[in-house]
2 protein chains.
Amino acid sequence: MSAMPVFANEPSLRATAVVQSPERAQFDIEALGNRLRLFRRRVRAGEQLFRPGQPMHALYLVHAGYFKLSVNSADGREKVTGFRMRGDLLGLDALGAESYGAEAVALDTSEVWVLPCAQLDDIATRAPGFREHITAMLAHEIRRDWSWMLSIGTLSADQRVVAFLLDLSDRQRALGFSPSQLMLRMTRAELGNFLSLQLETVTRALSRLAQAALISVDRREVRLLDPGALRDSLGTAC
Amino acid sequence: MSAMPVFANEPSLRATAVVQSPERAQFDIEALGNRLRLFRRRVRAGEQLFRPGQPMHALYLVHAGYFKLSVNSADGREKVTGFRMRGDLLGLDALGAESYGAEAVALDTSEVWVLPCAQLDDIATRAPGFREHITAMLAHEIRRDWSWMLSIGTLSADQRVVAFLLDLSDRQRALGFSPSQLMLRMTRAELGNFLSLQLETVTRALSRLAQAALISVDRREVRLLDPGALRDSLGTAC
DNA sequence: CGGGTGTTTGACCGTTGTCAAAGCGAGTGG
DNA sequence: CCACTCGCTTTGACAACGGTCAAACACCCG
């Protein structure tokens, strides 16, 4: 089978204009996955997809569900580095290493498409631009991490929670879901860990925002009542 | 043009065993730079190598000197995302994007080797494994970011400063410099920003460590007097 | 129904941020 | 050569945000 024009034919490493929008890029890969009949794997809530130190078998494309990514220190400290949903690639950080650097745990019944390492070359051959796409996804992940480092390092507790809710809202919208009705898949402790806050502080922040009528909170269900005001609250001096 | 065996003949993207050690990998690129006679550029202390939003021209390999990387928010908040020295690549985060996502400022008289985007394809052709190397560097950067997110999110002020000093010490050693005699190139404010601390807190942490005879501080010069104890202090409960 | 997990709220405390002032060093110009 | 300035650093006093500890509550699931 000869090379198929799955990706735009681009001459240089920088030629990732095809993936200007991260969201669109994700769906390009999904289209590819359909064509290649990738192996699918179901992951139940709480189940571990991979763990740090485990030899890297594959990249995983989240097709449905939600995942929590976290890293650990030798002495047991843990840090949630992010949450992933439909369209996100898991395991990218292990490229060029022997093993995964993070732990991926499903927060809900999920399904991933498996891109075995052994097939990546094959995929790259069949899909021009695949390598550039991976590169772009890696760079995108770095910028996302930096953005969160900025938020966590410069925002107050309440603002961090708002930033998280708005980010989740944007991602929901990009996937075609309601941007104002959010279902948190993680516990307060997991969210707090990600935002570098204690779980009680997350609870209190949500309570304060609800009292200010900016959001409504019912257990894990959060409604954004005033997205404009929420966005404004990030700009005002802490 | 048909597919050429440009890369080491490996069945998968994981075939980056050539760059197992990040340090060795960096020097591989330096050797490559010598062969290709890459353009060199001097950057004076305080000078900006690139800024966020600027169209991406090139990757830069730090040949000598020190750089500070930082990102900014729309409303003026700033976050130092890291410090780079000899052997590090700058601008990786812009791959697949149109423009740089961070600002790179020299902290000292520096020299970088320029890898223009337009030449990346050429380089990749001439240097088997170059793409895999870039991929590995990107993944490495992600793991490094996650590691700092862990440290900053779970360590006390003093511990964060210790973690920074030990990291700097390791990097110095890897470059063949003294691992115990460190010259900080950045201000207390820049270091504090990176560690998500105020500059006064950095000062106090350094003073406390000096008083405990773990280090000695003379302006920007820091000596590690008891690396073992320093390393132990990271494990003990905050 | 009962146990367990996750959440909420309160009270209190401590680490770190904030504000202020003084000290220090390097570079500059008189 | 000295005085001056400017940026950076250090130290102190105080405040506050968020952490810690504790208890009660809600919900889910067996």
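Quick caveat, the model's predicted, so the values are computed rather than measured. Atom set for the values below is all heavy atoms of this structure, side chains included, hydrogens, waters and symmetry mates excluded.
- Of the candidates dG17(C), dT20(D), dT7(C), the closest approach to any side-chain atom of R219(A) belongs to dT7(C).
- A donor and an acceptor atom sit less than 3.5 Å apart, one in the side chain of R204(A) and one in the base of dT20(D).
- Distance L191(B) CG to dT9(D) P: 10 Å, rounded to the nearest Å.
- OP1 or OP2 of dT8(C) sits under 4.0 Å from a side-chain N or O of R188(A).
- Ranking dA20(C), dC27(D), dT9(D) by closeness to the E200(B) side chain, first place goes to dA20(C).
- Distance CE (M186(B)) to C1' (dG7(D)): 17 Å, rounded to an integer number of Å.
- With no hydrogens or angles considered, no side-chain donor-acceptor pair links K68(A) and T81(A) at under 3.5 Å.
- Contacts of L197(B) with the nucleic acid, taken as non-hydrogen atoms under 4.0 Å apart, involve only primed sugar atoms and P, OP1 or OP2.
- Per the geometry, CD belonging to Q211(A) stands 14 Å off P belonging to dT8(C), to the nearest Å.
- Checking the phosphate oxygens (OP1, OP2) of dG19(D), a side-chain nitrogen or oxygen of T201(A) falls inside 4.0 Å.
- Atom CD in Q198(B) sits roughly 18 Å away from atom P in dT11(D) (whole-Å rounding).
- Along DNA chain C, the nucleotide closest to S207(A) and the one closest to R208(B) are compared, and the more 5′ of them pairs with S207(A).
- T201(B) and Q198(B) share no side-chain donor-acceptor pair at under 3.5 Å.
- Atom CG of N193(B) is separated from atom C1' of dC8(D) by 16 Å (rounded to the nearest Å).
- The CG-P distance, from L195(A) to dG18(D), rounds to 12 Å in whole Å.
- Residue T203(B) is classed as a base contact, given a heavy-atom separation below 4.0 Å to a base.
- Within the 4.0 angstrom heavy-atom criterion, only backbone atoms of the sugar-phosphate kind lie near R220(B); the bases stay farther away.
- Between the side chains of D75(A) and S73(A), at least one donor N or O sits under 3.5 Å from an acceptor N or O.
- As a whole-Å value, the separation of L184(B) CG from dG25(C) C1' is 16 Å.
- The nucleotide whose nearest atom lies closest to any side-chain atom of L199(A) is, among dT20(D), dT8(C), dT16(C), dT8(C).
- Taking the charged nitrogens against the carboxylate oxygens, R144(A) and D145(B) have no contact shorter than 4.0 Å, which rules out a salt bridge.
- Atom CG of D218(B) and atom C1' of dC8(D) are 14 Å apart (whole Å).
- For S99(A) and Q54(A), the side-chain atoms include no donor-acceptor pair closer than 3.5 Å.
- Each of dT18(C), dG19(D), dG18(D) was ranked by its minimum atom distance to the side chain of S156(A); first place goes to dG18(D).
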